[in-house]
K.L.:
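For reference, the structure I am asking about is given below.
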Protein chains: 2
Amino acid sequence: MGKPPHTSYHSDPRVDALVDETIGRVADKWTLLVLEALEEAGEQRFSAIGRAVPGISQKMLTQTLRQMEREGLVTRTVHAEVPPRVEYRLTDLGHDLAEAFCGVWHWAERNIEKIEAARAAFDARK
Amino acid sequence: MGKPPHTSYHSDPRVDALVDETIGRVADKWTLLVLEALEEAGEQRFSAIGRAVPGISQKMLTQTLRQMEREGLVTRTVHAEVPPRVEYRLTDLGHDLAEAFCGVWHWAERNIEKIEAARAAFDARK
DNA sequence: GCCAATACTCTCCAATGGGAAGTAGGCACC
DNA sequence: GGTGCCTACTTCCCATTGGAGAGTATTGGC
């Protein structure tokens, strides 16, 4: 659909496309988890974020942080020391996004049991 | 981090892990976009969803819908007709998730310009 | 001189995703 | 009565992505 009339506040397909594209870049697992970690702990250094997001590889952490920096979600501050220290902090934009995702986080918390049940049922049926 | 004391309502690492895992399965580009499409248009058939989510391949649409069905986000109704007709509809759980993501959608709408500006600045700098 | 610490960066391999073609199954048309 | 046609998949092949793990740059401390 090019999105039907419906009760939307806009219907500009270019805006829709842009929003979709933005969502596509922002709504992936690692971005969301890193966002969460930074929102909870404030300014953090590279390796601390890595510990806060279990399962992420260094490569993906670097990549995710770079992308987030590019989108204006985090700032990156390099301290010229040895050993090196690089700190990441959410921008206002990043903070707003974290708050927007907060609802999803709560949804997940609230519904873990329902989801597990749905999966068990689905797996049993198939 | 095992998540510091902080003002959280829980601190059970197993719950955290489960939530992370759930987020990981639910927070991907295609799931979010399909969720959006179904939330906007109500019950929809396979190919209509495909048209509503520009860029998705049939394979990913099938896969995403199956996974969403498994998580209990959508119901799948097959009408034994020719040509076949399969309709997908959000469950209450799926509807709640769509509402939770609503904030993200609005955030994207509100901040497209800031994001574009941040990207332009980043690309110019580097 | 050598090691430790940190934030990457690179290389190799496995998994994922897109594109296009194939499948099932019954009805309409010639 | 064979030939398409319609729709929701499914399969195959190939390019891209992601993970594991090793390598790199820097410099103060032993």
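By convention in this document, chain letters (A, B, ...) are assigned in the order of the sequence lines, proteins followed by strands, and residues within each chain are numbered from 1. Atoms considered below: every heavy atom in the structure, side chains included; atoms not considered: hydrogens, waters and symmetry mates.
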K.L.:
Indicate whether OP1 or OP2 belonging to D/dG19 is found under 4.0 Å from a side-chain N or O atom of A/W30.
P.N.:
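For A/W30, the contact criterion (side-chain N or O under 4.0 Å from OP1 or OP2 of D/dG19) is met.
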K.L.:
Between P on D/dG18 and CG on A/L33, what's the gap in Å once rounded to a whole number?
P.N.:
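Result: 15 Å.
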K.L.:
Distance check needed: D/dA8 P versus B/I56 CD1, whole Å only.
P.N.:
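Going from CD1 in B/I56 over to P in D/dA8 covers 14 Å.
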K.L.:
Within the pair B/R66 and D/dA8, is there a side-chain N or O less than 4.0 Å away from OP1 or OP2?
P.N.:
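B/R66 to D/dA8 OP1/OP2: no side-chain N or O under 4.0 Å.
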K.L.:
D/dA8 P sits how many Å from B/Q44 CD, rounded?
P.N.:
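It works out to 11 Å between those atoms.
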K.L.:
From C-beta outward on A/F46, which listed nucleotide comes closest to its side chain: D/dA8, C/dC8, D/dA20?
P.N.:
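Comparing D/dA8, C/dC8, D/dA20 against the side chain of A/F46, the answer is C/dC8.
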K.L.:
Answer yes or no: does a side-chain N or O of A/R76 lie under 4.0 Å from OP1 or OP2 of C/dA7?
P.N.:
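The answer is no; no side-chain N or O of A/R76 sits under 4.0 Å from OP1 or OP2.
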K.L.:
Indicate whether OP1 or OP2 belonging to D/dG18 is found under 4.0 Å from a side-chain N or O atom of A/Q63.
P.N.:
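For D/dG18, OP1/OP2 do have a side-chain N/O of A/Q63 under 4.0 Å.
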K.L.:
Among the nucleotides D/dT11, C/dC10, D/dA22, which one has an atom lying closest to any side-chain atom of A/Q58?
P.N.:
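So the nucleotide nearest the side chain must be D/dA22.
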K.L.:
Can you tell me how far P of C/dG17 sits from NZ of B/K29, to the nearest Å?
P.N.:
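Value for this atom pair: 11 Å.
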K.L.:
Taking atom P of C/dA7 as reference, at what distance in whole Å does atom CD1 of A/I49 sit?
P.N.:
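Nearest whole value for this atom pair: 9 Å.
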K.L.:
If you only use heavy atoms from C-beta on, which nucleotide in D/dC9, D/dT11, C/dA5 is closest to the side chain of A/P83?
P.N.:
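When the side chain of A/P83 is considered, C/dA5 is the closest of D/dC9, D/dT11, C/dA5.
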K.L.:
Could you state the CG-C1' distance from B/L65 to D/dC9, rounded to the nearest angstrom?
P.N.:
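From B/L65 CG to D/dC9 C1': 11 Å.
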K.L.:
Do B/L32 and B/E36 have side chains that approach each other closer than 4.5 Å (heavy atoms only, starting at C-beta)?
P.N.:
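They are not in contact (no side-chain heavy atoms under 4.5 Å apart), so the answer is no.
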K.L.:
Among the candidates C/dG19, C/dC10, C/dC8, find the nucleotide nearest to the side-chain atoms of B/K59.
P.N.:
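Among C/dG19, C/dC10, C/dC8, the one nearest the side chain of B/K59 is C/dG19.
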K.L.:
Taking the side chain as every heavy atom from C-beta outward, state whether B/V74 and B/L38 have any atom pair closer than 4.5 Å.
P.N.:
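Side-chain contact under 4.5 Å: yes.
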K.L.:
Rounded to the nearest angstrom, tell me the gap between atom CE in B/M60 and atom P in C/dG19.
P.N.:
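Distance check: B/M60 CE to C/dG19 P gives 12 Å.
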K.L.:
Ignoring the backbone of A/V82, work out which of C/dG18, C/dA7, D/dT26 is nearest its side chain.
P.N.:
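Of the candidates, D/dT26 comes closest.
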K.L.:
Measuring to OP1 and OP2 of C/dA7, would you say a side-chain N or O of A/R45 lies under 4.0 angstrom away?
P.N.:
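Result: yes.
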K.L.:
Would you say CD of B/E113 has more than 12 non-hydrogen atoms from neighbouring residues, nucleotides or ligands within 6.0 angstrom?
P.N.:
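Result for CD/B/E113: open.
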K.L.:
Would you tell me if any nitrogen or oxygen in the side chain of A/S47 comes within less than 4.0 Å of OP1 or OP2 on C/dA7?
P.N.:
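Looking at the OP1 and OP2 atoms of C/dA7, one of them is under 4.0 Å from a side-chain N or O of A/S47.
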K.L.:
In whole Å, what is the span from the CZ atom of A/R51 to the C1' atom of C/dA5?
P.N.:
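Atom-to-atom, A/R51 to C/dA5, this comes out as 12 Å.
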K.L.:
Rounded to the nearest 0.5 Å, how far apart are CH2 of B/W107 and CG of A/L97?
P.N.:
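Answer for the CH2-CG pair, B/W107 versus A/L97, is 4.5 Å.
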K.L.:
Which listed nucleotide (D/dG19, C/dT6, D/dC9) is nearest to the side chain of B/V86?
P.N.:
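Nearest listed nucleotide: D/dC9.
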K.L.:
Thinking salt bridges, do B/R85 and B/E87 make one under a 4.0 Å N-O criterion?
P.N.:
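Counted as a salt bridge, because a side-chain N and a carboxylate O are separated by less than 4.0 Å.
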